[in-house]
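One structure is given here, and the rest of the page talks about it.
All residue numbers refer to positions in the sequence shown, counting from 1. Any value given below was found using the heavy atoms of this structure, including those in side chains, with hydrogens, waters and symmetry copies removed.
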Amino acid sequence: MKTIFLYGTEYCHLCEQAEELLRNLSDPHIRIEKVDISEDDELMERYSLRIPVVRLEHNTNDLGWPFDSCGLQEYLEGS
């Protein structure tokens, strides 16, 4: 099973859109783990201007907003 981290904040409408894109992948081998960056100073510094951001576990590359389903699929296939 692959884990995809979704970095964002509570009440972020773009984060909700990104989560919907992830859920529409319909891949039973993918688990989505939401990470609230507001609870971690380092994550706030790294991602605050880029949220939502997705990152596949064990990968240093991430994908920041804006992205669509095609861009998300390309990121996942290339990782």
Side-chain angles (χ1 to χ4, degrees):
M1 172 143 326
K2 293 181 182 180
T3 300
I4 298 176
F5 296 98
L6 173 60
Y7 296 95
T9 58
E10 194 172 353
Y11 308 114
C12 167
H13 73 282
L14 296 176
C15 300
E16 292 170 2
Q17 290 177 18
E19 183 176 4
E20 185 68 24
L21 289 173
L22 286 168
R23 295 204 184 285
N24 286 337
L25 291 175
S26 300
D27 187 335
H29 300 103
I30 292 180
R31 181 173 66 94
I32 302 166
E33 185 171 323
K34 293 171 35 175
V35 179
D36 189 340
I37 66 168
S38 67
E39 299 174 359
D40 184 308
D41 291 339
E42 182 181 334
L43 293 177
M44 273 298 284
E45 186 174 321
R46 184 182 311 159
Y47 295 125
S48 65
L49 298 177
R50 298 180 56 220
I51 61 169
V53 174
V54 294
R55 184 180 61 79
L56 192 57
E57 70 178 331
H58 308 302
N59 195 337
T60 57
N61 297 326
D62 58 39
L63 179 64
W65 195 260
F67 53 83
D68 58 13
S69 58
C70 292
L72 182 58
Q73 192 66 44
E74 286 176 14
Y75 168 76
L76 296 174
E77 290 173 1
S79 297

Less than 4.5 Å apart, any side-chain heavy atom of Leu25 and any of Ile30?
yes

Could you tell me if the side chain of Lys2 sits less than 4.5 Å from the side chain of Leu76, heavy atoms only?
no

Output the distance between atom [atom1] ([X]) and atom [atom2] ([Y]), rounded to the nearest 0.5 Å.
X     : Y     : atom1 : atom2 : result
Gln73 : Leu21 : CD    : CG    : 11.0 Å
Ile37 : Ile51 : CD1   : CD1   : 4.5 Å
Arg31 : Leu22 : CZ    : CG    : 13.0 Å
Asn61 : Leu56 : CG    : CG    : 10.0 Å
Glu57 : Glu33 : CD    : CD    : 9.0 Å
Asp41 : Arg46 : CG    : CZ    : 12.5 Å

Grouping I, L, V, M, F, W and Y whenever their side-chain heavy atoms are under 4.5 Å apart, do Val35 and Ile32 come out in a common cluster?
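Val35 does not cluster with Ile32.
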
Common cluster, Phe67/Tyr47, ILVMFWY with side-chain heavy-atom separation under 4.5 Å
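Shared cluster, no.
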
Any ring-ring contact (aromatic ring centres under 6.0 Å, His included) pairs touching residues 16-36, not counting sequence neighbours?
none

Starting from the C-alpha separation in whole Å, work towards a yes-or-no answer on side-chain contact (heavy atoms from CB on, under 4.5 Å) for Asp62 and Arg50.
CA-CA 11 Å; Asp62 58 39; Arg50 298 180 56 220; 2.7 Å; yes

Output side-chain donor-acceptor pairs under 3.5 Å for residues 4-19, partner residues at least two apart or in another chain, one line each.
unit_1	atom_1	unit_2	atom_2	d
Tyr7	OH	Arg55	NE	3.3
Tyr7	OH	Arg55	NH2	3.0
Glu19	OE1	Lys34	NZ	3.3
Glu19	OE2	Arg23	NE	3.2
Glu19	OE2	Arg23	NH2	2.7

